[in-house]
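Here is the structure we will look at, set down as structure tokens.
Chain A is the first sequence line, chain B the second, and so forth, proteins listed ahead of strands; every chain is numbered from 1.
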Amino acid sequence: MSNPLIQDIVIVGGGTAGWMAAAALSTVLRGRYRIRVVESDEIATVGVGEATIPMIQRFNRVVGIDENEFMRETNGSFKLGIEFVNWGRVGDRYMHGFGKLGQDLWTVQFEQYWHRMRKLDRALPLENYCITRMAAKANKFMPPRPDLGNSPLADIAYAYHFDASLYARYLRKLSEQRGVLRTEGKITHATRRGEGAHPGHVDAVVLESGERITGDLFIDCSGFRGLLIEQALQTGFEDWTHWLPCDRALAVPCESVAPLTPYTRSTAHRAGWQWRIPLQHRIGNGHVYSSAHISDDEAAATLLANLDGKPLADPRPIRFKTGMRKLAWNENVIAIGLASGFLEPLESTSIHLIQAGIQQLIDFFPDRGFSANDIAEFNRHSRFQYERIRDFVILHYHLNQRDDSVFWQDCAHMSVPDSLQEKLDLYRSHGRVVRRDNELFAEVGWIQVMEGQNLVPQRHHPLAELQDEQATHEYLEGVRQVIAKCVDFMPDHAAYIAQHCAARPM
Amino acid sequence: MPAALIRDIVIVGGGTAGWMTALGLATVVGDRYRIRLVESNEIATVGVGEATIPLIQRFNRIVGIDENEFLRETGGTFKLAIEFVNWGRVGDRYMHGFGRVGQDLWTVGFEQYWHRMRLAGRARPLGDYAITQVAARDNRFMPARPQPANSPLADIAYAYHFDAGRYARYLRKLAESRGVRRTEGRITHVTRAESGDVEAVVLASGERIEGQLFIDCSGFRALLIEETLKTGFDDWSQWLPCDRALAVPCESVAPLTPYTRSTAHRAGWQWRIPLQHRTGNGHVYCSRHISDDEAAATLLANLDGRPLADPRPLRFTAGMRRKTWHRNVVAIGLAGGFLEPLESTSIHLVQQTIQLLIDFFPDRGFSAADVDEFNAQSRFHLERIRDFIVLHYHVNQRDDSAFWRDCAHMAVPDTLRQKIALYKAHGRVTRFNSELFTETAWLQVMAGQNLLPSSFHPFAALQPDDSVHAYLEAVHRAVAGSVALMPDHADYIARHCAAS
């Protein structure tokens with residue numbers, strides 16, 4: 001016999017994670033389950049996740065968000081990639097652009113021909129063969145034109161920069177329209193079932209007002225503190241700070257400056273890095289650093305010395321520990337967002353991790369039987385995704401040739417996870433990259449960062465030698481010229497926004 | 001400095017593996033490499049791999065094979081499915097059809113609505129929702145018609161049955177026309193360089209054939225990878241105890257079925273592969289549970305037509321070489337590993353290794369990182385296919401022999417145990433990292449062998465009972481209506497690709 005269905009879903013915590021979960025579930029469930037969000041206006045949400053990756057378009061499509069309206073409501077801008085400054089060496093600059101690299105033509109992939117030609121000094125820097133990188137440099141933007149078939153204009157992949165608290169507010173409105181009930185209040189504690197079918201399951205959260213909110217399934221979106229997953233269930237945390245030692249951040253908005261860049265910037269400093277996220281009405285900035293290597297005051301001074309415009313507030317401090325909850329799903333509690341783990345936003349994955357958690361929850365949605373096998377599979381998937389993104393973030397730190405600080409030297413010499421070491425060894429040998437299962441970052445992401453941080457493969461794929469040198473050179477030149485022409489054709493980023501989705505003046 | 005490129009590729013052994021490799025490489029690397037294939041007419045090739053899976057179409061396309069010509073040349077027929085008889089229980093019958101089952105409509109996959117309706121007693125057998133299964137039962141065939149895209153006719157996935165000896169001969173002609181040099185002769189020994197790498201193979205004639213890259217397609221003998229390099233073998237017979245087979249062709253009978261049949265016997269199973277000019281049959285069995293004579297008698301008692309030869313014996317051990325690539329030797333086909341042809345994967349494994357070899361094609365540096373990755377991927381693929389085959393043995397409710405009881409009670413690999421446990425909970429199947437068999441394949445075998453979850457994805461309950469029932473019925477009607485438009489399998493062949 002089938003187990004009885006869940007009836008009450010309680011989401012603990014608003015913020016981006018809570019409202020994304022509420023919006024997605026209310027869309028999928030069409031009013032068949034009761035969904036409540038408990039949040040307190042007194043508790044500040046962490047709003048660092050303002051830059052995204054292209055997968056967010058899928059989330060927005062599923063919940064039925066109109067792009068232009070959403071951009072207007074959140075002061076959003078478009079994002080074609082991330083620029084990394086001072087990462088490999090001080091003075092270096094490269095971009096990780098979304099989407100494709102080059103165009104495939106013969107037996108092996110584009111980058112293999114590029115490796116071959118570059119050794120012969122007959123190739124330009126890699127960015128010349130990537131439309132999003134060239135468009136970003138020229139501050140241009142338009143969405144892809146799939147109707148143009150094999151034109152690079154059909155390959156434009158993009159994401160957004162936006163104000164995360166405005167996004168949460170936007171999703172809240174949408175969720176409430178779809179029947180989600182919001183309860184304002186501060187949770188004092190959770191109570192657990194003593195006996196019956198599932199002893200140990202959370203059965204209610206209790207508010208300061210004394211109100212008791214019961215449920216069958218609890219989604220912990222309470223952020224770093226993990227109100228249910230950790231405080232109530234003591235699930236445990238796996239610490240990754242030996243690989244990712246940054247543990248603090250200072251965030252500050254500043255005034256906008258022209259041009260409106262269609263990319264995030266990440267500038268490495270002496271003991272961390274600084275983000276720059278351009279919105280329509282301001283620029284978000286933050287300095288992520290290791291408190292073992294630099295004082296808070298010094299970190300603040302560095303941040304303020306590296307703003308493009310006048311600061312609009314005092315720097316706001318954030319503390320964190322990199323790692324993941326031992327189980328993202330424990331008993332009848334599923335942690336989504338910061339309650340499930342933390343990875344610094346170097347590759348803008350915070351919101352994606354929320355989205356991935358929600359998708360998994362939908363795939364493995366439980367009934368009141370809470371099958372251990374389903375939960376184990378959910379947790380295996382979550383761990384796999386987290387670990388692979390962790391590897392990619394570590395890559396940026398590890399692959400440096402800086403000798404201006406102990407921090408960078410330590411990063412260069414640390415021993416990295418096996419899964420990352422295998423990727424490095426394979427690339428170093430013949431420039432090959434293998435993507436495991438559906439790990440988030442594709443081959444082109446890895447190639448751009450490894451190449452951008454000066455890891456040069458010893459050799460290239462032998463089958464990239466099948467064509468003669470001149471033909472290969474012409475192939476690369478053809479790709480480069482077509483991309484250059486396409487970028488010429490694209491409108492300016494600020495002009496595109498003005499025409500389609502300008503926010504109302506504040 | 002870049003390491004020097006390979007110049008000479010030596011393929012040891014003809015047969016299906018050798019000639020597929022020769023043609024695949026000649027097509028991709030053209031005349032930039034010298035490719036030689038050494039084979040002896042004295043050595044019989046193992047011709048069990050006569051049934052295939054749909055991915056073979058990709059191989060044929062890459063090497064530029066015209067489907068109709070190829071079927072004419074090999075006496076080939078089309079294959080939409082495998083029928084399994086007596087597997088779950090004696091008297092059971094189900095199909096593993098290629099391609100899709102059902103049509104997706106709402107939040108969760110089709111099979112979840114099927115599980116729900118099945119538990120409510122309102123569903124048809126799973127096969128009634130799959131076009132390849134319904135067409136196979138009706139002995140009909142046509143290739144997919146891509147338009148309109150939402151018609152089940154757009155979902156027809158198929159493979160082939162063919163005479164592997166003729167396929168190898170056909171590929172040989174193509175490979176030779178693309179510059180592959182064939183040398184006839186028996187290899188007497190192998191010489192190795194100081195580094196330990198293989199340097200040359202020496203023929204009975206005294207001729208010495210040198211190369212930098214050797215591909216071992218010598219079959220079970222594994223002349224280079226095992227006899228020479230002592231690579232070692234991982235034995236999987238604790239999970240797959242069948243170790244012998246007897247193969248015999250028989251006369252064709254009508255109708256010409258567009259599917260392979262696999263009938264479970266007391267201590268093994270029997271294949272039936274219909275070709276245009278004959279039917280291939282074989283009995284795979286476990287010598288610990290049944291004598292050769294008894295196995296032969298069972299085989300001959302279960303033929304559809306008159307036998308055309310004496311049963312030919314084969315011996316094997318299920319398992320794989322510890323490394324399919326070791327030093328400068330890459331093993332392809334039976335030299336790399338053996339899995340019984342229960343899911344027709346023998347030729348696919350050849351194809352898959354050729355693809356991997358192209359992806360990781362070496363220079364004379366033979367980088368350890370590249371070779372390790374090649375080996376890791378080969379192992380992954382073979383292990384996942386092994387799991388799928390073990391599934392067929394393990395999920396049985398037969399109690400008519402010790403063989404089947406042992407299979408039902410054995411401890412299976414962890415990866416398989418997890419798949420079964422997950423499916424049992426709510427009918428979920430997850431596919432990891434491009435493993436060969438899809439969720440749909442697993443579903444058909446598990447459900448076909450009576451492994452049925454007692455619950456389903458809760459979101460399959462979001463719609464009312466009658467709507468879900470109407471949805472399933474609409475899918476079935478679309479499938480049945482589509483099959484009615486398909487021609488008879490034998491007619492299709494007569495019109496397009498009858499062998500001369």
**Asked** For A/D147, does the CG atom sit with more than 12 other heavy atoms under 6.0 Å from it, leaving out its own atoms?
**Response** yes

Correct closest heavy-atom pair for B/P458 and A/F365 would be CD-O, 3.2 Å

Honestly, the part of B/R116 sitting under 4.5 Å from a heavy atom of chain A is neither

Under 4.5 Å to a heavy atom of chain A? For B/L119 that would be side chain

With chain B, the option among A/N438, A/V108, A/V28 that has the most non-hydrogen atom pairs under 4.5 Å is A/V28

The side chain to side chain contact (heavy atoms under 4.5 Å, CB included) partners of B/A447 (sequence neighbours excluded) come to B/W114, B/L126, B/Y423, B/L452

request  = Report, as yes or no, whether the 6.0 Å neighbourhood of atom CZ on B/R58 holds more than 12 heavy atoms from other residues, nucleotides or ligands.
outcome  = no

Q) Take atom CZ in A/R58; do more than 12 heavy atoms of anything else shown fall under 6.0 Å from it? A) no

Applying a strict 4.5 Å limit to non-hydrogen atoms, the region of A/R435 in contact with chain B is backbone

Turns out that what part of B/L422 lies under 4.5 Å from chain A's heavy atoms comes down to both

Output for pair (A/D363 CG, B/H457 NE2), nearest 0.5 Å, gives 6.0 Å

Rounded to the nearest 0.5 Å, the CZ atom of B/F360 sits from the CG atom of A/L463 at a distance of 12.0 Å

Nearest heavy-atom contact between B/S455 and A/N3 is OG-N, 3.6 Å

Bottom line for B/V108: the part with an atom under 4.5 Å from chain A's heavy atoms is neither

From the list A/L29, A/T107, A/L5, A/I6, the residue making the most non-hydrogen contacts under 4.5 Å with chain B is A/L29

Residue from B/R428, B/Q377, B/E373, B/E435 scoring the most non-hydrogen pairs under 4.5 Å with chain A is B/R428

Counting heavy-atom pairs under 4.5 Å with chain B, the top scorer among A/D374, A/D425, A/V434, A/D367 is A/D374

Okay, A/Q112 and chain B: the region with an atom under 4.5 Å from a heavy atom over there is neither

Closest non-hydrogen contact found for B/Q463 with A/R32 is N-NH1, 4.0 Å

Q: Would you confirm whether B/R32, through its side chain, and A/E465, through its main-chain N or O, come within 3.5 Å as a donor-acceptor pair?
A: yes

Cut-off 4.5 Å, heavy atoms of chain A, and the answer for B/I6 is neither

Interatomic distance, CG@A/L426 vs CZ@B/F374, rounded to 0.5 Å, equals 13.0 Å

Cut-off 4.5 Å, heavy atoms of chain A, and the answer for B/D372 is neither

In this structure, CG of B/L462 is separated from OH of A/Y33 (nearest 0.5 Å) by 5.5 Å

When rounded to the nearest 0.5 Å, the distance separating CZ of A/F384 from CG of B/N433 is 7.0 Å

The interface call for B/P362 against chain A, heavy-atom contacts under 4.5 Å, is backbone

Interface check, chain B: of A/H430, A/R432, A/R30, most non-hydrogen pairs under 4.5 Å belong to A/R432

